[in-house]
Amino acid sequence: MSKSKPTTKIAILAQQLKRAKGATLSELEEATGWQQHSIRATITGLRKKGRTIERTRCGEVNCYHIIEASS
């Protein structure tokens, strides 16, 4: 089976956040075309849906990363 590309901007954002290094706001802006406040609101929405999202410093900017729950 081949992996298909995400079809929604939320799926694109989640895919970027699942990367090993996570993603910066500017990377998420480029991937979705959204403004920073929209990205932050979507991240908050993912948190409200039970996703654990870690924010760390990557040099001078923040990186966001989804922490997968271990089963």
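If you read the sequence from its start, that first residue is 1, and numbering goes on from there.
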Apart from Tyr64 itself, what residues make up its hydrophobic cluster when side-chain heavy atoms of I, L, V, M, F, W and Y under 4.5 Å apart count as a link, directly or indirectly? Ile10, Leu13, Leu17, Leu25, Leu28, Trp34, Ile39, Ile43, Leu46, Ile53, Ile66

According to side-chain hydrogen bond (donor to acceptor under 3.5 Å, both in side chains), who are the partners of [X], at least two apart in sequence or on a separate chain?
{"X": "Arg47", "result": "none"}
{"X": "Gln35", "result": "His37"}
{"X": "Ser38", "result": "none"}
{"X": "Arg57", "result": "Asn62"}

Can you list everything that forms a side chain to side chain contact (heavy atoms under 4.5 Å, CB included) with [X]? Sequence neighbours excluded, please.
{"X": "Lys21", "result": "Arg19, Glu27"}
{"X": "Thr52", "result": "Ile67"}
{"X": "Thr56", "result": "Glu54, Cys58, Cys63"}
{"X": "Ala41", "result": "none"}

Looking at residues at least two apart in the chain, or sitting in another chain, which of them share a salt bridge (Lys or Arg N to Asp or Glu O under 4.0 Å) with Arg51?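 For Arg51 the salt bridge (Lys or Arg N to Asp or Glu O under 4.0 Å) partners, ignoring immediate neighbours, are Glu68.
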
